[in-house]
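For this chain, numbers begin at 1 and follow the sequence in order.
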Amino acid sequence: MGNRRRVAERRKTNPAVLGGMIAVVLGGTGIGVYALLGSGSAAENGAQSSSSEKAKSVKTGPLSATEVTTATREFLTAWQQGKVTEAAAATDDTTAAKALLAGYTKDAHIKDVTVTAGTRTGAKVPFSVKGTVSYKGTSKPLTYDSALTVVRRAEDGKPLVEWHSAVVHPDLKDGDTLVTGESGTPPVKALDRDGGELTEDEYPSLGSVLDGLREKYGEKAGGKAGIELQVIRGKESKKAELSDKTLVELSKGTPGTVETTLSPTLQAAAEKQVAAKSKASVVALRPSTGEIMAVANSSHGFNIAFQGSLAPGSTMKVITSSLLIEKGLAEADKEHPCPKYFTYGHWKFQNDDKFEIKGGTFKASFARSCNTAFISQAPELDNDSLTKQAQQVFGLSLNNWSVGVPTFDGSVPVQSQAQMAASLIGQGGVRMNPLNMASVSATIKTGSFKQPYLVDPSVDDRTLAKASRTMSASSLSQLRELMSYTAAYGTAAEAMSGVTGDVGAKTGSAEVDGQKKPNGWFTAYRGDLAAAGVVQAGGHGGETAGPIVAELLKLGG
């Protein structure tokens with residue numbers, strides 16, 4: 001592939017030298033023009049307190065501007081000068097800091113470092129880093145931005161840099177390392193379904209996807225490794241299924257070729273749609289095959305669309321409705337309760353704006369997204385009923401999808417009391433992402449679960465996940481009726497107003513602790529295209545994620 005996430009190349013800048021001493025530039029912070037450490041700096045930084053100082057009470061309370069700038073100066077200056085021990089001592093985790101900072105020079109082969117501080121905001125100070133990555137006679141410039149936060153050590157009140165690996169580089173998670181050398185995995189050239197090359201420059205959302213493709217197929221695709229500065233993921237990052245990341249290519253390897261199912265038209269449209277929103281993610285796929293046609297995220301680091309773990313809100317009612325209909329607890333056109341309140345497990349549930357529907361059908365409750373219509377059926381269900389339905393019919397919550405890149409396959413844990421009831425409306429412990437919810441709509445459209453995939457399984461002979469059963473024709477017909485009615489007359493109607501043909505949709509809003517607005521969800525299908533999206537902290541799904549999904553359906557449905 002070759003075109004992987006990298007830091008922009010800039011002119012090599014050597015650190016300023018004053019009187020034989022390297023200076024760290026600290027502009028706009030009140031720290032001073034130059035922050036210099038002389039030969040006595042180590043003694044000053046680690047000086048032992050006098051007996052009278054020890055007797056003083058430990059300082060508490062907010063940090064002053066002087067304390068923040070002084071702690072920042074000590075850390076950045078020592079780091080720039082390569083004084084690892086001193087830099088680590090200026091943090092609140094000396095051991096971890098020392099290991100990573102030592103590796104910055106020894107393993108990452110980064111030299112000629114200049115650190116420039118930006119304008120302080122409270123206890124946080126942004127800064128930029130310029131240096132050179134040099135390995136076996138080959139050099140490339142390195143430049144990036146990071147930030148640090150100063151905190152007060154509890155035992156003595158001393159201001160120190162709060163240590164996280166991201167201080168050294170923003171792409172690092174705690175436990176990750178930086179290494180320059182021959183990459184263990186050859187690069188790949190990823191192609192869309194029409195044979196065009198997929199690059200991060202053209203499709204910014206695909207950075208993590210391309211990383212995942214390289215990790216899985218680099219050695220199988222026939223390429224040759226190059227020399228790179230890479231983020232090598234540690235134990236915790238691997239648990240989160242984060243792929244190693246290339247920051248700088250010193251010499252290009254020979255990429256192998258990997259074909260994907262992505263549509264260039266839909267991918268471009270998805271990128272455009274999420275770019276207009278804050279924290280938006282969307283996935284589109286073909287229900288008839290499971291082929292993923294587009295994946296996009298507003299933020300380009302973690303792939304929320306594939307790996308996010310978020311409460312899906314009322315979009316979960318599609319799965320819950322299938323359960324209630326199969327158990328004879330609901331029927332599309334029969335009367336169904338939708339009271340203002342319903343109490344279960346010592347928790348009082350209510351509808352948005354405390355509405356109620358008197359004498360309405362289940363279809364009306366679904367279309368208006370009545371919470372109590374679903375919660376009221378909790379007494380008739382077993383604790384594992386929803387879990388089994390998600391696994392057996394929709395192929396979710398089994399952690400066995402093999403898409404071609406890392407994914408989170410949904411989670412519907414067995415719960416009891418109020419948490420079980422909350423799960424029925426997509427809260428409680430239920431967790432999904434747009435890939436999962438697009439698959440749910442696809443399952444309703446075709447009548448059977450087909451595991452989504454980005455790379456055809458024939459490429460590496462992998463086995464796709466399967467669901468153990470399908471719904472009855474009657475149940476399926478009713479579910480399609482519910483989603484079609486919602487798209488035409490319910491909470492999804494405004495977003496779907498320009499989407500014609502065989503359509504179905506469901507909106508969702510998921511409350512999140514500490515968030516003023518809920519996450520807005522939307523899942524829908526049109527013809528042979530299903531899509532789902534989420535806008536975090538955006539508000540109601542019909543107004544936020546709905547228009548994103550609808551635009552993709554217009555193009556490819």
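- Between Y135 and H109, the ring planes lie perpendicular to each other; the angle is over 60°, past the 30° to 60° tilted range.
- Minimum interatomic distance between S146 and A166 (heavy atoms only, all atoms of both residues): OG-O, 2.9 Å.
- Side-chain rings of F408 and W401 stay apart, their centers remaining 6.0 Å or farther from each other.
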Given side-chain hydrogen bond (donor to acceptor under 3.5 Å, both in side chains), test D145 with S128 step by step and report yes or no.
CA-CA 4 Å; D145 296 321; S128 62; 4.5 Å; no
Show your reasoning for whether salt bridge (charged side-chain N to carboxylate O under 4.0 Å, His left out) applies to R193 and E291.
CA-CA 10 Å; R193 65 190 302 109; E291 295 170 284; 3.4 Å; yes
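- A donor-acceptor contact closer than 3.5 angstrom links the side chains of S281 and N297.
- R462 and S402 form a side-chain donor-acceptor contact under 3.5 Å, judged by distance and modelled atom types alone.
- Judged purely by distance below 3.5 Å, without hydrogens or angles, the side chains of T523 and S441 pair a donor atom with an acceptor atom.
- With R152 contributing its side chain and G61 its backbone, the two residues share a donor-acceptor pair below 3.5 Å.
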Before giving the answer on side-chain contact (heavy atoms from CB on, under 4.5 Å), spell out for T260 and L213 the whole-Å C-alpha distance, their side-chain angles and the decisive distance to 0.1 Å.
CA-CA 9 Å; T260 75; L213 288 172; 3.9 Å; yes
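- Within a 6.0 Å radius of CD in E67, other residues, nucleotides and ligands contribute more than 12 heavy atoms.
- There is a side-chain donor-acceptor pair under 3.5 Å between T246 and E228.
- Between P255 and G253, the shortest heavy-atom contact is CD-O, 3.5 Å.
- Enclosure of atom NZ in K220 by more than 12 non-hydrogen atoms of other residues, nucleotides or ligands within 6.0 angstrom is indicated.
- A donor and an acceptor atom, one from each side chain of D409 and N436, are nowhere located under 3.5 Å apart.
- Here H540 pairs with nothing under the ring pair (Phe, Tyr, Trp, His ring centres under 6.0 Å) rule; sequence neighbours left out.
- No more than 12 heavy atoms of other residues, nucleotides or ligands lie within 6.0 Å of CG in N399, so this atom counts as exposed by the packing criterion.
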